[in-house]
Protein chains: 2
Amino acid sequence: MDLEWEQAVVQAERSRELARWWAAALGWVVTIDSPEEMEIRRAPEVTPGIVFVAQGGPKREHNRLHLDFRPSDQGAEVERLVGLGAAILDVGQGDVTWTVLGDPEGNEFCVLSSRPGPPPGADRS
Amino acid sequence: MDLEWEQAVVQAERSRELARWWAAALGWVVTIDSPEEMEIRRAPEVTPGIVFVAQGGPKREHNRLHLDFRPSDQGAEVERLVGLGAAILDVGQGDVTWTVLGDPEGNEFCVLSSRPGPPPGADRS
């Protein structure tokens with residue numbers, strides 16, 4: 001068996017706009033830019049990336065798959081993402097350690113609790 | 001900005017069974033095994049993983065997000081996955097280079113064309 005996870009695929013109404021939004025949200029780079037698809041990766045050689053394809057009608061129900069991200073500072077990242085246009089969502093998650101957000105097309109994603117360790121910018125020496 | 005992609009989350013009807021199926025399909029290891037979730041990763045320190053949570057009713061429509069995997073031998077991998085219980089799906093993709101499969105709960109995923117390079121087992125020296 002020899003399968004490499006190459007990408008998560010997001011079917012979108014406005015795939016190019018959504019790809020650019022996610023590239024800005026994550027600080028990733030565009031690695032494929034074609035009429036059919038736009039792929040972003042953390043760095044050109046790093047997989048999996050996220051690829052956006054224009055095949056989606058309007059989002060109609062809660063996504064069965066979603067992506068989770070780990071910040072070093074949860075509060076700061078949530079504030080930054082909301083500033084970019086993400087929405088804070090209540091999907092019935094209750095009192096949990098993560099924050100549920102929606103991207104501009106309503107795709108749910110989570111900002112998890114801050115990772116352990118010194119805050120960003122702290123002297124690690 | 002400082003977000004690390006930690007996992008793709010799959011809401012499932014039978015999350016533990018589905019997690020074990022995917023661990024076998026990918027040759028990954030179980031890294032979280034709790035009543036709430038089961039996470040698998042390619043190796044314990046490698047993110048993103050895939051986490052399966054028991055929050056899903058029956059799958060009702062085409063997933064808006066799905067995962068793509070790159071094989072070294074597409075035909076052999078498709079045959080192996082079908083042997084494990086994956087279904088070959090026609091989602092209207094037409095004549096494309098990838099094969100669309102469904103996992104035991106019907107979640108779509110793709111086995112992409114074989115990666116360039118020598119076939120598995122070839123002497124790379």
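Fair warning: this is a prediction, and the values are worked out from it, not measured in the lab. Letters go in sequence order (proteins before strands), and every chain restarts at 1. Scope of the values below: all heavy atoms of this structure, side chains included, with no hydrogens, waters or symmetry mates.
Between chain A and the residues B/Arg60, B/Gln11, B/Arg70, the largest count of heavy-atom pairs under 4.5 Å involves B/Arg70. Chain B forms the most heavy-atom pairs under 4.5 Å with one residue out of A/Thr47, A/Leu67, A/Ile50, A/Leu112, and that residue is A/Leu67. Chain A forms more heavy-atom pairs under 4.5 Å with one residue of B/Lys59, B/Arg64, B/His66 than with any other, namely B/Arg64.
Counting heavy atoms from C-beta on, the side chains of A/Arg80 and A/Leu84 come closer than 4.5 Å. Here the side chains of B/Asp68 and B/Trp98 are not in contact, with every heavy-atom distance at 4.5 Å or above.
When heavy atoms are compared at a cutoff of 4.5 Å, B/Ala12 approaches chain A solely by way of its backbone atoms N, CA, C and O. For B/Glu105, the part sitting under 4.5 Å from any heavy atom of chain A is the side chain, from C-beta outward, and nothing else.
Side-chain contact check for B/Gln74 and B/Ser113: no donor-acceptor pair (N or O, by modelled atom type) lies under 3.5 Å.
Summarising the local packing, CD of B/Glu61 is surrounded by more than 12 heavy atoms from other residues, nucleotides or ligands at distances under 6.0 Å.
Interatomic distance, CZ of B/Phe52 versus CG of B/Asp103, reported as 7.5 Å (0.5 Å rounding).
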